[in-house]
Amino acid sequence: MKTKLLLLSCLLMATSLAAQPKLNEKNIPEVVKAMSPREKALLVVGFNNACEGYSPGLPGTAGLTHPFPQYGIPSVVMMDGPVGVRLEDRFTTCFPTGLLVAASWDRETAARVGRGIGQETLDMGGDVILAPGMNLLRNPLNGRNFEYFSEDPLLSGSIAAAYINGVQETGIGTSAKHFAANNQETNRLDGDARMDTRTLRELYTRGFEICLRESAPWTVMASYNYLNGEYTQESYGLLTGILRKDFGYEGLVVTDWTGKRNTPLQLHAGSNLLMGGTYSQTEHILASLEDGSLAMEDLDFAATKVLELVTKSVSFRKKDFKAPLKTDLEAHAALARATAAEGMVLLKNEGALPLSPSKVALFGVYSYDLLPGGNGAAFVNCPYVVQVNEALKGAGFSTDPGLEKLYKGYAAFAEADLTLNHKVNVHVGRPQKPELEITRSLLERVEKEADVAVITLGRVSGEARDRILGKDFLLQEEEVNLLENVCELFHAAGKKVVVVLNVCGVVETASWKDLPDAILCAWLPGEEGGNAIADVLTGRVNPSGRLPMTFPLDYFDIAGAEDFPYNFVSEKANESAVHPERRGMDPKNISYTDYTEGIYVGYRHFVTRGQAVSYPFGFGLSYTTFAYSRPTVKLSGQRVTASITVTNTGAVAGKEAVGIYVHAPLGSFAHKPERELRAFGKTRLLQPGESQVVECSFPLRDLASYNEALSRWETAKGSYTVYFGANCQAPAASLPLKLSKGKNYTSKR
Ligand code: BGC
């Protein structure tokens, strides 16, 4: 079929007349008018890079649009995304994953990563990087959470916007994905996310709304899933009503790499470019024009959006594009390292950190085989990964050579074993390795020769599969044994134990966090991860990351815990994509998922219900201390401005993230979360004794809740409380704010 498609377009090119208009930024309507229905039907259906005989993208390129040289229309080249450029046959920088970037609570960090990835996309001949992934962290077990940012839509939307602005500064486009409510991987193509409109508007589309207010991504990617009984790609209400009319989005909507669905419905709804694209979709468009199920104006609209994208692309602008310097991979490695250190979160520290040069007993296979990123579209073929053992040695520590030999040998064996037995596609991922059992006698020998123990525990996840509660969220027996034995022996000798979490997301911590003396959550930190971990462990960098999600005491403490396929085990990598009804399975949480928790996701649930957690949203320790003083809040016109002075009261330089949470009166609502994040900022590196005023300003409209009966946002009159501090459970200061006049923000729908 692909060859047929190619021959057809070649034929079209050959038979085209010289009088056809050549595309420029101003004549898009003219070009659309000149194109035949067949040409337009080819233009709005893209194809994968594997198209035989025609392949301007490098191997691994995710997709392309159709070229029409007779109109001066080149192919737009799309690459994955989002932690680096994913290609098969060459190395690119593996930056830290989305969660870590969000944990920096720093827009500039996100923008810098965006600029780096944009630059590499440009160098690799891409036009659009399929990033950022910005679905909300509804449940800790979603297999793709590591790509995303937060359980809070404001943090997600603002970090996404900064990333997008960074990428697009380099002349490369982005794709804010996956719109919307793609919150699980199990049956991701056909699962129905069911929720009320308030939840949709306040949480699952809200991050995109904020992102679109602060940036203009060239594309938005419509997700695979159903939303309330309709495929998002076929939902006029979602793609045209909410996205275009309410949010004012003017760019292109590309479908996730779906294949054929109801093509006329997709185009009418507002999907403008159908990916990965099959020739049957082009045929379907032509047949639908013929039988009247597709209006020519819907096809013209989609064609217009594709041509607008084409005119922005490097492929089109090449002739007058001033190519910036080619990627300096060393500079990007340094950027990856600095970013990684900026987003690591220190969860516990009882006199163990920072470490001073000493003999370290380094346990855990991931100390020697660090997980830089996750699997699937976000996998990056990186040139190297700096290991924790190498980095610590580089920082003047000595490590146990016997342990190193043992773990390296085991890592190689486990990789080979898992790759053979599980048929892992090396282009898109690495398998999770079980932890190695260490004998008591070896532990005793190692303890005698070391000053301190560091244990790295790893979790990897990825596309098409969710994590499983018992196998993945909880620590496994070998891990618990290792932790208990190391702590017992080292503590008996008066030595400290540090745990490094090299994880794709939340893991259970409550049952074991009392054992070690320090816990550093390093996430999936990219190719320079080992160096960044060493930077934080040694105090070269004072940690300033704060959790972008809650670590609960128990999985079942989260709201809606039962409404997720938390124990769904699939035998084959793609089985979760197979419609379960065909396999006679219980459809709940697989065919459909009820979002019974509504707006009470993450901290909104825990803070409102006053329920204890292991580590709250916004939590993170530092090697210094900060004092908050002189909070202010003022309302002027339609904006709220809140500020606070942050002073470094400790002995070392450090940065502090500041969250502004607001408690709102109920107004016409029966319930609201106790407090919600409405703004955030971060200080520069403050020297001991130094202060900085952190000021955040946001529209009054951001204090509103969505009244679904009246289809409008409402800001209630009455007494508000503004809280200052990143940790949602323990804000450092608060101030009252009174609104004497409420304002209704009526949605257009
Ligand atoms: C993923 C997208 C990705 C696309 C192209 C899909 O399976 O869901 O995130 O951009 O493939 O590779």
Side-chain angles (χ1 to χ4, degrees), residues 45-51 55 57-65 76-88 92 97-98 117 121 124 126-136 142-149 156 160 163-164 167 172-191 193 208 217-227 231-233 252-261 271 273-278 309 373-381 425 427-429 461-466 504 573-578:
V45 178
F47 59 94
N48 287 329
N49 193 43
C51 187
S55 183
L58 298 168
T61 293
L64 303 132
T65 62
V76 172
V77 181
M78 290 167 271
M79 294 173 174
D80 277 311
V83 301
V85 184
R86 177 169 69 86
L87 291 170
E88 278 171 19
T92 51
T97 55
I117 293 176
T121 311
M124 297 296 160
D127 293 301
V128 174
I129 184 89
L130 299 169
M134 52 176 300
N135 291 96
L136 205 75
N142 178 3
R144 291 184 85 172
N145 275 353
F146 72 92
E147 294 184 52
Y148 305 150
F149 296 125
S156 290
Y163 176 105
I164 288 166
V167 171
I172 291 296
T174 52
S175 194
K177 70 188 188 184
H178 310 86
F179 190 68
N182 186 178
N183 303 103
Q184 67 183 56
E185 287 300 292
T186 306
N187 196 26
R188 65 186 182 143
L189 297 181
D190 295 302
F208 287 90
W218 291 5
T219 81
V220 166
M221 189 185 292
S223 57
Y224 282 130
N225 53 290
Y226 281 98
L227 172 60
Y231 277 124
T232 57
Q233 300 174 7
L252 170 131
V253 175
V254 57
T255 68
D256 201 344
W257 269 230
T258 316
K260 188 164 175 284
R261 279 186 176 162
S271 292
L273 174 62
L274 310 182
M275 295 304 297
T278 66
L309 176 72
N375 297 336
F379 180 77
V380 174
N381 198 3
N425 179 351
H427 294 309
V428 290
S461 68
E463 209 169 327
R465 258 191 210 163
D466 289 311
C504 56
N574 274 327
E575 193 173 27
S576 55
V578 175

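Note that the structure is predicted; figures quoted are calculated from it, not measured. Ligands are counted one by one from 1 in listed order, and the atoms in each one are counted from 1 as well.
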Sidechain-backbone polar pair: Thr174 side chain, Pro217 backbone, donor-acceptor under 3.5 Å: no
Sidechain-backbone polar pair: Tyr163 side chain, Pro82 backbone, donor-acceptor under 3.5 Å: yes
From CA spacing to verdict: salt bridge (charged side-chain N to carboxylate O under 4.0 Å, His left out), Lys177, Asp80: CA-CA 11 Å; Lys177 70 188 188 184; Asp80 277 311; 3.5 Å; yes
Glu185 and ligand 1 - part of the residue with a heavy-atom distance under 4.0 Å: neither
Atom 11 (O) of ligand 1: the protein heavy-atom neighbour that sits closest, reported with distance to 0.1 Å: Asp256 OD1, 3.6 Å
Donor-acceptor under 3.5 Å (Ser461 side chain, Gly143 main chain): yes
Flag for Asp190-Tyr231: side-chain donor and acceptor within less than 3.5 Å: yes
4.0 Å heavy-atom contact, Arg144 with ligand 1: yes
Arg86 neighbourhood, listing ligand 1 atoms whose heavy-atom distance to it stays under 4.0 Å: 12 (O)
Any side-chain donor near an acceptor of the partner, Thr258 and Gln233, under 3.5 Å: yes
Whether Asp127 side chain and Val77 backbone form a donor-acceptor pair below 3.5 Å: yes
Atom indices of ligand 1, in the order listed, that fall short of 4.0 Å to a heavy atom of Arg188: 7 (O), 8 (O)
Those atoms of ligand 1 less than 4.0 Å from some heavy atom in His178: 2 (C), 8 (O), 9 (O)
Top protein contact for atom 10 (O) of ligand 1, by heavy-atom distance: Asp80 OD1, 2.7 Å
Per-atom contacts, ligand 1 versus Ala62 - under 4.0 Å to a heavy atom: 5 (C), 12 (O)
Contact atoms of ligand 1, heavy-atom distance to Lys177 under 4.0 Å: 2 (C), 3 (C), 9 (O), 10 (O)
Enumerated ligand 1 atoms positioned under 4.0 Å from heavy atoms of Met221: 10 (O)
Location of contacts on Glu463 toward ligand 1, heavy atoms closer than 4.0 Å: side chain
Ligand 1 versus Met275: contacting region, heavy-atom distance under 4.0 Å: neither
Geometric N/O contact Trp257 with ligand 1, under 3.5 angstrom: no
Short side-chain donor-acceptor distance under 3.5 Å, Asn225 and Ser223: yes
Cation-pi, Phe379 ring and Arg86 (6.0 angstrom, 45 degrees): no
